[in-house]
Amino acid sequence: MAFNGPVRVRIAPSPTGDPHVGTAYMGLFNRACADKFGGQFIFRLDDTDQKRRNEKSEAMLIEALRWLNLKYDEGPDIGGPYKPYRQSERLDIYKRYADKLLNDGHAYYCFCTEERLDSVRKIAAKEGKQTGYDRKCRDIPLADAKKRLATEKHVIRAKMPLSGEIAFDDLLRGRVSFPAADLDDKVILKADGFPTYHLANVVDDMEFKITHIFRGEEWLSSVPFHVILAQGLGVKLPAMTHMSLLRNADKSKVSKRKNPTNLLWFRDAGFLPEGVLNFLGLMSYSLANDQEIFTYDEFVKQFDPTRIGTGGPVFDLQKFEWLNGEHVRRLSDEEFEKRLIAHIKHLAGREAEFQPLPADDPAYQLGTFADKFRIKTLERNLVIAKLGEKWLKQPDVIGKLVPHIKGRAHTLSEAAEYLPPFFEEVPPLPVADIAEIKKFDDAQKIETLRGAIEIIENTADFSHQSLEAAMRQFVEGKGWKIGPPFMLIRLAALRAKVSPPLFESMVILGRDLTLKRLKLALEELSARR
RNA sequence: GGCCCCGUCGUCUAGCGGUUAGGACACCGCCCUUUCAAGGCGGCAGCACGGGUUCAAGUCCCGUCGGGGUCACCA
């Protein structure tokens, strides 16, 4: 189980839906393994299921891996020395190995219909017996079977031992063994000529010279089949490490009903690739020095497969959000600006995708953090989708805001929440929030606005320092605390309760627009008295 | 249900026979503060249970309980 010398590792996702966070999780550990010990990281497409195949899936998978910067050395779109890397394009290879297993007596043709298998299963289940295949066709002589091939639908099954133990070593769990009596004869080549996972996986790991497997625990119980197949083919299985599955808050396997799992969703929500990888690197794993915030390079540098834990880590979006914020803050202003603009471009015009959930959506009832975050993200992204185009026309304004918003947001979508007031002439006055300022009566509010207007008109350099100094002097001269008047001015000038620092914001808005908004606010307030 | 894997604060985890069981997120106070975010200080909170082994057990063994995975011509 050594890691000396070059390794060849892989991920083998199935193109059946949205690119899954588990793929990135395994991708991270496999990529890190290749980088740490030297070697190649291979992307193999497990597309042997014709029914579940999804056309867009492969492209999205590639897009997601590229976004995360999980580069593969060989893969379906870039080829490699053992091409092709799509299993659907390797049918002749699997056929060849299946024939070999057949001829060597390690596999057999099975002519059972799906209906029969169903009923066998049902009866067994009813009687509380094992539901596996009853091996009806196991002893049909090969010569007899071959005569039936032309006229009967058939599959090929592996001939598993009937007794004894089948064991293997897992890097994390040690020796794991299964009583052969509990296992049945699995299909390895389907009626349509496609292999099942078991065959394709063993053959390709062998053909691609894979040395180490890091994959999800869900595969653990299928290893005995692979052991027997490998034995039948006279090859050794790669060293294996089964990692715990990511979990929902209730500890069940992470699922899109209870958690966001689509990698492209995380991108749209404004997570950073650095944040995603860092967070996944904390799942079932920790650095020896307890460091929690790290770059991919730091992760690789200290990567030690024997430190991988065995418990099932709950995918905690709340901690993920915090961690992503740490990475946002670590970006230089230039880099942050670049990413924010790219993010806005990416979302602009996509209103249709970010419509609010229907009122009866369970997300509103459950109220878990993940649900709330989903709703929040939808709201944020809808605004970006609607207004993004307009914002992009004034990149200089975005640039001026960058230093003030970078440290205030955990995601790019959250950062964009600060933008709207700076791109609209006069947003509506948040009168309810103004009414909330209970420590000031209406007369004080009007006095404050008059004072602010006068200061803004008369501050020669219109710098945030001068504005602040004058404003403080004014407020203190009245013997007021600074909180209420500043909040009022914020609401009048920015029309928002939450914003970048007030006076910096005024400078970015410009004297004219700030004045215009304050004067209109004053009128409105006076009229309401 | 059979088989397999797993079990330290609510969550992510450190711990690899002798620790006041450490850190982080979240939460709660206080401080800082023009809002928010960030930051500082403090607090709450954990070895699933029961037997062994040992001078000594969160650490080793067994059992119980609990959780998860898997039992497809899906991967």
Side-chain angles (χ1 to χ4, degrees), chain A residues 12-16 46-52 110 112-114 117-118 121 125 128-133 153-157 170 172-173 176-179 181-184 186-192 194-198 200-201 216-224 242 244-245 247 249-253 279 282-293 309-316 318-323 325-326 329 369 404-410 414 417-418 468 471-472 475 481-491 494 496-503 505:
Chain A
S14 210
T16 52
D46 228 308
D47 59 345
T48 56
D49 187 341
Q50 290 297 280
K51 294 176 205 110
R52 297 204 314 157
C110 171
C112 294
T113 62
E114 297 201 42
L117 295 177
D118 270 351
R121 233 189 319 271
K129 289 186 190 151
Q130 293 188 47
T131 55
Y133 177 55
K153 263 184 84 178
H154 55 275
V155 301
I156 298 173
R157 287 181 185 272
D170 183 277
L172 262 29
R173 301 158 203 270
V176 181
S177 78
F178 299 76
D182 293 320
L183 276 15
D184 68 347
K186 289 280 182 253
V187 172
I188 58 172
L189 204 74
K190 306 182 230 178
D192 63 2
F194 279 70
T196 59
Y197 171 82
H198 304 296
N201 166 64
E217 193 182 4
E218 52 195 335
W219 304 115
L220 197 57
S221 42
S222 64
V223 176
H242 288 88
S244 302
L245 268 15
R247 309 292 186 88
D250 63 6
K251 295 279 187 181
S252 56
K253 166 162 93 164
F279 183 63
L282 249 22
M283 296 283 93
S284 278
Y285 192 79
S286 62
L287 309 208
N289 64 358
D290 258 6
Q291 184 182 349
E292 288 207 284
I293 302 165
T310 46
V314 172
F315 188 90
D316 179 3
Q318 203 165 8
K319 181 156 184 174
F320 186 11
E321 187 192 26
W322 162 78
L323 188 58
E326 294 295 318
R329 250 171 265 127
F369 184 84
H404 306 298
I405 62 179
K406 189 182 80 179
R408 303 184 130 74
H410 302 87
E414 186 185 351
E417 285 193 315
Y418 292 97
E468 179 170 354
M471 205 59 222
R472 279 181 186 275
V475 169
K481 295 226 169 175
I482 233 159
F486 276 36
M487 179 50 87
L488 176 65
I489 297 170
R490 183 189 313 282
L491 289 166
L494 289 156
K497 204 156 64 167
V498 176
S499 80
L502 183 52
F503 302 103
S505 296

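Predicted model only: the values in this text are computed from it and were never measured. Each chain gets a letter, A, B and so on, in the order the sequences are listed, and its residues count up from 1.
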Its contact letters, B for base, S for sugar-phosphate only and - for none at protein heavy atoms under 4.0 Å, make nucleotides 7-14 of chain B read S---SBSS
Residues C112(A) and L117(A): closest non-hydrogen pair is CB-CD2, 3.9 Å
Atom CG of D250(A) and atom C1' of rG68(B) are separated, to the nearest Å, by 11 Å
Of S221(A) and V176(A), the one whose closest nucleotide on RNA chain B sits nearer the 5' end is V176(A)
* Is the NZ atom of K190(A) crowded by more than 12 outside heavy atoms at less than 6.0 Å? -> yes
Please state the P separation for the pair rA24(B) and rC4(B) - nearest whole angstrom. 40 Å
* Hey, does T48(A) reach any base, or is it just sugar-phosphate, or nothing, if we go heavy atoms under 4.0 Å? -> sugar-phosphate
rG39(B) -> Watson-Crick or G-U wobble partner, both distances under 3.5 Å, gives rC31(B)
Students often get this wrong, so: under 4.0 angstrom with heavy atoms, is T16(A) touching a base, only sugar-phosphate, or nothing? nothing
Whole-Å distance, L183(A) CG to rU70(B) C1', equals 11 Å
Between F369(A) and F320(A), is the ring centre distance below 6.0 Å?
no
Taking any heavy-atom pair under 4.0 Å as a contact, classify P484(A): base, sugar-phosphate, or nothing.
nothing
Margin query: With rounding to the closest Å, how many angstrom separate the P atoms on rG46(B) and rC36(B)?
Written below: 32 Å
key: rC65(B) and rG23(B), which share atom name P, separated by this distance in whole Å   = 36 Å
Q.
For Y133(A), does the six-membered ring have the charged nitrogen or CZ of R157(A) within the cation-pi criterion, i.e. under 6.0 angstrom from the centroid and within 45° of the normal?
A. yes
Next on the checklist: In terms of relative ring orientation, are W219(A) and Y197(A) parallel, tilted or perpendicular, with 30° and 60° separating the classes?
Outcome noted: parallel
Sorted by chain and number, sequence neighbours left out, salt bridge (charged side-chain N to carboxylate O under 4.0 Å, His left out) with E326(A) holds for R329(A), R330(A)
For rU11(B), the nucleotide meeting Watson-Crick or G-U wobble distances (both under 3.5 Å) is rA24(B)
Whole-Å distance, H198(A) NE2 to rA75(B) P, equals 8 Å
Open item on the list: Taking only the C1' atom of each, what is the distance from rC16(B) to rC3(B) in whole angstrom?
Closed with: 30 Å
Mate of rC44(B) across any strand shown (Watson-Crick or G-U wobble, both atom pairs under 3.5 Å) is none
The contact string for nucleotides 30-49 of chain B, one letter per nucleotide 5' to 3', using protein heavy atoms under 4.0 Å with B, S and - for base, sugar-phosphate only and none, comes out as ----BBBBSS----------
Contacts of Y285(A) meeting side-chain hydrogen bond (donor to acceptor under 3.5 Å, both in side chains) (sequence neighbours excluded), chain-then-number -> Q302(A)
Across all chains, not counting sequence neighbours, the side chain to side chain contact (heavy atoms under 4.5 Å, CB included) partners of R52(A) are T16(A), D49(A)
Looking only at atom P, what distance separates rG67(B) and rU54(B), rounded to whole Å?
34 Å
- Query: Are any of R247(A)'s side-chain N or O atoms less than 4.0 Å away from OP1 or OP2 of rG68(B)?
  - Reply: no
Rounded to whole Å, the CG-P distance (D192(A) to rA75(B)) equals 9 Å
Separation of rA72(B) atom C1' from D46(A) atom CG, nearest Å, is 15 Å
Applying the 3.5 Å cut-off to both distances, the Watson-Crick or G-U partner of rU53(B) turns out to be none
Q) What distance, rounded to whole Å, do you find between the two P atoms, one in rG66(B) and one in rG50(B)? A) 16 Å
Of the listed rC3(B), rA75(B), rC73(B), the closest approach to the R121(A) side chain comes from rC73(B)
F369(A) CZ to rC25(B) C1', in whole Å, measures 10 Å
In Watson-Crick or G-U wobble terms, with both distances under 3.5 Å, the base opposite rC3(B) is rG69(B)
Item checked: Side-chain N,O (K186(A)) to OP1/OP2 (rA72(B)) below 4.0 Å -> no
Sorted by chain and number, sequence neighbours left out, salt bridge (charged side-chain N to carboxylate O under 4.0 Å, His left out) with K186(A) holds for D184(A)
Please give the distance between the C1' atoms of rG15(B) and rG22(B) as a whole number of Å. 8 Å
If you look at every strand shown and take non-hydrogen atoms under 4.0 Å, does K153(A) touch a base, only sugar-phosphate, or nothing? nothing
note: L245(A), atom CG; rA75(B), atom C1'; distance rounded to Å ~ 13 Å
query = With a non-hydrogen cut-off below 4.0 angstrom, is I293(A) in contact with a base, only sugar-phosphate, or nothing?
reply = nothing
Sequence neighbours excluded, the answer for side chain to side chain contact (heavy atoms under 4.5 Å, CB included) partners of Q291(A) is L287(A), N289(A), F294(A), E298(A)
Rounded to whole Å, the CZ-P distance (R52(A) to rC73(B)) equals 14 Å
(Q) Applying a 4.0 Å non-hydrogen cut-off, can you work out what Y197(A) is touching in the nucleic acid: base, sugar-phosphate, or nothing? (A) base
Contacts of K153(A) meeting side chain to side chain contact (heavy atoms under 4.5 Å, CB included) (sequence neighbours excluded), chain-then-number -> A191(A)
Sorted by chain and residue number, the side chain to side chain contact (heavy atoms under 4.5 Å, CB included) partners of K319(A) (sequence neighbours excluded) come out as F279(A), E292(A), D316(A), W322(A)
- Message: For the C1' atoms, the ones on rU8(B) and on rA48(B), what distance do you get once it is rounded to whole angstrom?
- Response: 10 Å
